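Structure first, then comments.
Each ligand, and each atom within it, is numbered from 1 in the order the structure gives. Being a predicted model, the structure only gives us computed values, none of them experimental. Residue numbers run from 1 in the order of the sequence given.
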Amino acid sequence: MSDLAENTENNIPNLRLNDGNQIPQLGFGVFKVADEIAEQVVTDALHTGYRHIDTAMIYKNEEAVGRAINSSAIPREELFITTKLWNTDQGADTAIPAFEASLERLGLDYVDLYLIHWPGNDSERYLRSWEKLEEIKESGRARSIGVSNFRIRDIENLAAAGLTVPAVNQIELHPAFQQHELRTFQEPRGIRTEAWGPLGQNKYDLRTLDGIEGIAEKHGKSIQQVIIRWHLQSGVILFPKSSTRERIEENFNVFDFELDADDLGTFAGFDRGQRVGSNPDDVDF
Ligand SMILES: NC(=O)c1ccc[n+]([C@@H]2O[C@H](COP(=O)([O-])OP(=O)(O)OC[C@H]3O[C@@H](n4cnc5c(N)ncnc54)[C@H](OP(=O)(O)O)[C@@H]3O)[C@@H](O)[C@H]2O)c1
């Protein structure tokens with residue numbers, strides 16, 4: 001898989017997925033953006049220049065996201081929209097109806113990426129679900145398909161069953177939880193890493209990362225901006241969430257500086273195996 005990134009007009013690099021499709025490396029996530037404000041927040045993000053939106057059935061804001069997309073003047077082909085199959089909708093009989101309900105709520109004919117949200121501990125169930133995602137991709141209604149929160153053994157199970165290699169695995173990843181083992185496993189297999197909680201979900205004080213304030217000062221940027229830059233330079237796809245216009249813009253304003261080797265070395269030292277969200281082992285259903 002080539003790591004060559006093409007620059008788009010608004011400076012967001014596109015990365016190539018293993019199925020040949022391209023994904024904007026920086027997007028906008030809408031977890032915990034309440035339905036009542038999601039249309040305005042996504043409109044603000046699109047206005048800022050974001051073209052990649054990450055939602056999920058369980059965020060309960062697909063309709064509002066769809067309204068923002070459909071009322072924008074942006075051609076559909078310039079947008080990259082991801083949504084996800086929720087846990088209780090997994091299975092051979094339920095995955096496709098759940099997908100169709102998401103499309104309906106979004107008011108779209110297709111999504112760019114459809115993910116299995118969590119593996120759970122029943123591998124047969126996610127294998128049957130994945131076969132349905134393969135059918136959805138075949139139909140053209142999801143241009144790419146991937147997984148989220150999958151562990152090494154889950155990816156091995158897909159491979160052992162001879163099924164499609166996921167285009168991405170969307171996993172918790174931030175400076176205090178860098179996921180080296182999983183990334184080292186999946187990336188040579190052509191599976192791109194997407195980072196959820198890229199800013200640690202605001203659940204730990206980022207200033208406790210020893211040396212980060214100095215890096216931010218050196219570049220005249222905020223701590224959040226240097227973290228976003230670190231993800232980008234690591235080849236990770238990310239979509240930080242914010243409900244405030246100022247931060248939506250701040251998080252996008254990361255293409256006019258570069259972290260140097262010293263900065264990256266300091267970042268490597270921030271990993272302390274600290275999760276801020278659920279361990280996939282504990283999410284069963
Ligand atoms: N697949 C999964 O299981 C999974 C799980 C979680 C998330 N996700 C996806 O990943 C996306 C990103 O993760 P996330 O939303 O959980 O967490 P995140 O992006 O790491 O952090 C969001 C938090 O950071 C704050 N924030 C954002 N920009 C900031 C800035 N410049 N300065 C100060 N604070 C800032 C936000 O507050 P304000 O809103 O008040 O600005 C919010 O509290 C989600 O929206 C969702 O699309 C997927």
Worksheet item: Taking Asp256 as the fixed residue, which of Lys221, His219, Gln225 is the one that meets the side chain to side chain donor-acceptor pair (under 3.5 Å) rule?
Response: Lys221
Worksheet item: So, Arg229 and Asp263, do they make that salt bridge, N to O below 4.0 Å?
Response: no
Discussion item. Which residue in the set Val41, Asp54, Leu46, Thr55 passes side-chain contact (heavy atoms from CB on, under 4.5 Å) when paired with Phe28?
Written reply: Val41
Worksheet item: At their closest point, which heavy atom of Asp112 faces which heavy atom of Phe80, and how far apart are they?
Response: OD2-CA, 3.3 Å
Worksheet item: Considering only heavy atoms, which protein residues lie less than 4.0 Å from any atom of ligand 1?
Response: Gly29, Val30, Phe31, Asp54, Tyr59, His117, Trp118, Ser148, Asn149, Gln170, Trp196, Gly197, Pro198, Leu199, Gly200, Gln201, Asn202, Gln224, Phe239, Pro240, Lys241, Ser242, Ser243, Thr244, Arg247, Glu250, Asn251
Worksheet item: Do you know the tightest heavy-atom contact between His231 and Leu173?
Response: CE1-O, 3.4 Å
Worksheet item: Quick one: do the Thr193 and Gln179 side chains pair a donor with an acceptor below 3.5 Å?
Response: no
